[in-house]
Amino acid sequence: MIEELEKRINNKNYRIINDLVEVITTYKISSLNELKDFQDKSFTFNKIILNDKEKIDYCIKSLKSFPYDYDLLSFKEIQDYKQLMIDLENEKEIKEKIKLLIKLYTLTQREMIFPYDAYNMLIRNEL
């Protein structure tokens, strides 16, 4: 899995790939199924896995409830953060919202919340 990611690394996605490799190595994930299970655990409450819309809403709430993100960001990163949040609010497509959340979580140095989706998007050169 890591070798496949390394083949796709570029200036735009290296931080996302780095975060994803960290998840894979830290949690000793060796297959896509394990990566999917790992992601599902992050969105499981009362033994129920949230649907995509609920996952997105959960992540947005998490971002909005933590006002200290700006403290960790440079001026340019703050501008990027603001633009990503605007894009997220205006976006209608679920897949695109997930992509924006992956970027926001990476920018704010939070743990990768959509590792399965990120991996698949990276492999398809969509991220």
Side-chain angles (χ1 to χ4, degrees):
M1 291 175 69
I2 294 172
E3 289 175 10
E4 287 300 315
L5 290 171
E6 288 174 342
K7 291 177 188 176
R8 288 162 173 78
I9 198 162
N10 61 45
N11 287 339
K12 292 183 180 181
N13 67 15
Y14 76 94
R15 287 177 70 181
I16 295 169
I17 288 178
N18 186 52
D19 289 352
L20 187 51
V21 167
E22 187 175 318
V23 167
I24 291 169
T25 56
T26 300
Y27 297 100
K28 297 173 178 50
I29 295 171
S30 59
S31 71
L32 248 119
N33 286 335
E34 288 177 19
L35 193 59
K36 174 111 173 75
D37 291 342
F38 178 82
Q39 178 173 303
D40 287 346
K41 285 179 188 173
S42 298
F43 293 110
T44 301
F45 302 96
N46 299 322
K47 299 181 182 180
I48 298 171
I49 301 170
L50 301 179
N51 66 37
D52 285 343
K53 183 181 179 333
E54 292 168 331
K55 290 175 187 177
I56 290 166
D57 292 342
Y58 172 82
C59 291
I60 292 171
K61 258 187 216 171
S62 173
L63 285 168
K64 288 182 176 180
S65 69
F66 192 74
Y68 305 105
D69 282 336
Y70 288 141
D71 295 343
L72 304 171
L73 302 175
S74 69
F75 179 77
K76 183 191 178 320
E77 289 172 329
I78 291 171
Q79 303 316 306
D80 293 343
Y81 179 94
K82 288 178 180 178
Q83 187 59 55
L84 287 167
M85 288 299 284
I86 290 168
D87 294 346
L88 183 61
E89 287 179 22
N90 293 327
E91 184 57 58
K92 302 295 183 225
E93 295 294 321
I94 296 284
K95 183 177 176 181
E96 291 302 312
K97 283 183 178 258
I98 290 172
K99 188 185 300 185
L100 291 165
L101 285 166
I102 291 167
K103 291 177 180 181
L104 279 161
Y105 269 64
T106 296
L107 181 65
T108 56
Q109 300 175 16
R110 296 168 190 253
E111 185 170 332
M112 175 71 64
I113 193 82
F114 288 102
Y116 177 77
D117 292 306
Y119 182 86
N120 286 321
M121 288 178 188
L122 287 162
I123 294 301
R124 293 189 300 258
N125 295 316
E126 298 172 353
L127 187 61

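Here, residue 1 is the first one in the sequence, and each next residue gets the next number.
For Glu54 (side chain) and Asn51 (main-chain N/O), a donor-acceptor pair under 3.5 Å exists by modelled atom type. Looking at Thr26, its side chain never comes within 3.5 Å of a backbone N or O of Val23 through a donor-acceptor pair. In this structure, Lys97 contributes its side chain and Leu88 its backbone to a donor-acceptor pair below 3.5 Å. Thr25 contributes a side-chain N or O that, together with a main-chain N or O of Glu22, makes up a donor-acceptor pair within less than 3.5 Å.
Note: Asp37 CG to Ser31 OG = 7.5 Å, rounded to the nearest 0.5 Å. One distance of note links CG of Asp52 with CD1 of Ile94; it measures 6.0 Å at 0.5 Å rounding. Rounded to the nearest 0.5 angstrom, Lys99 NZ and Leu84 CG are separated by 12.0 Å. Here the CD atom belonging to Gln39 is positioned 10.0 Å from the CD1 atom belonging to Ile29, to the nearest 0.5 angstrom. The distance from atom CG of Asp19 to atom CD1 of Ile102, rounded to the nearest 0.5 Å, is 10.5 Å. One finds the CG atom of Leu20 at 6.0 Å from the CG atom of Leu35 (value rounded to the nearest 0.5 Å).
Hydrophobic clustering keeps Leu72 apart from Tyr70 (ILVMFWY residues linked when any side-chain heavy atoms are closer than 4.5 Å, directly or through intermediates). Met121 and Leu32 fall within the same hydrophobic cluster, defined by Ile, Leu, Val, Met, Phe, Trp and Tyr side-chain heavy atoms under 4.5 Å apart, directly or through other members. Grouping the Ile, Leu, Val, Met, Phe, Trp and Tyr side chains by contacts below 4.5 angstrom, directly or via other members, places Tyr14 with Leu100.
For Phe114, the ring pair (Phe, Tyr, Trp, His ring centres under 6.0 Å) criterion is met by Phe43, not counting sequence neighbours. A search for salt bridge (Lys or Arg N to Asp or Glu O under 4.0 Å) contacts involving Glu126 returns Lys95, Arg124, not counting sequence neighbours.
The shortest heavy-atom contact between Leu107 and Leu73 is O-CD2, 3.3 Å. Residue Leu63 comes nearest to Tyr81 through the heavy atom pair O-OH, 4.0 Å, listed as atom of the first residue, atom of the second, then distance. Here the shortest heavy-atom pairing between Tyr58 and Leu50 reads CB-CD1, 4.2 Å. Nearest heavy atoms, Lys55 versus Ile49: CE-CG2, 4.3 Å. Residues Ile113 and Ser42 share a closest heavy-atom pair of CD1-CB, 4.1 Å.
Shown here is Tyr68, whose OH atom has no more than 12 heavy atoms of other residues, nucleotides or ligands within 6.0 Å. Heavy-atom neighbours of Phe45 CZ from other residues, nucleotides or ligands within 6.0 Å: above the threshold of 12.
Using modelled atom types and a 3.5 Å distance limit, the side chains of Asp87 and Gln83 yield a donor-acceptor pair.
Taking the six-membered ring wherever Trp is involved, the centroid distance between the rings of Tyr27 and Phe38 falls below 6.0 Å.
Among residue pairs with one or both ends in residues 57-73, those qualifying as salt bridge (Lys or Arg N to Asp or Glu O under 4.0 Å) are Lys53-Asp57, Asp69-Arg110; sequence neighbours excluded.
Two residues are said to be in side-chain contact when any heavy atoms from C-beta on lie closer than 4.5 Å; Met112 and Thr106 meet this criterion.
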Subject >> Verdict with reasoning, Ile17 to Glu6, per side-chain contact (heavy atoms from CB on, under 4.5 Å) >> reply: CA-CA 8 Å; Ile17 288 178; Glu6 288 174 342; 5.6 Å; no
**OP:** Any chance you could lay out the side-chain contact (heavy atoms from CB on, under 4.5 Å) test for Asp117 and Leu127, step after step, and finish with the verdict?
**Re:** CA-CA 10 Å; Asp117 292 306; Leu127 187 61; over 6 Å; no
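Glu4 has a carboxylate O that lies under 4.0 Å from a charged side-chain N of Arg8, or vice versa, which qualifies the two as a salt bridge. Between Arg15 and Glu77 there is a salt bridge, since at least one side-chain N of the basic residue sits less than 4.0 Å from a carboxylate O of the acidic one.
When each of Asn18, Asn13, Val21, Ile16 is checked for a side-chain contact (heavy atoms from CB on, under 4.5 Å) with Leu5, only Val21 meets the rule.
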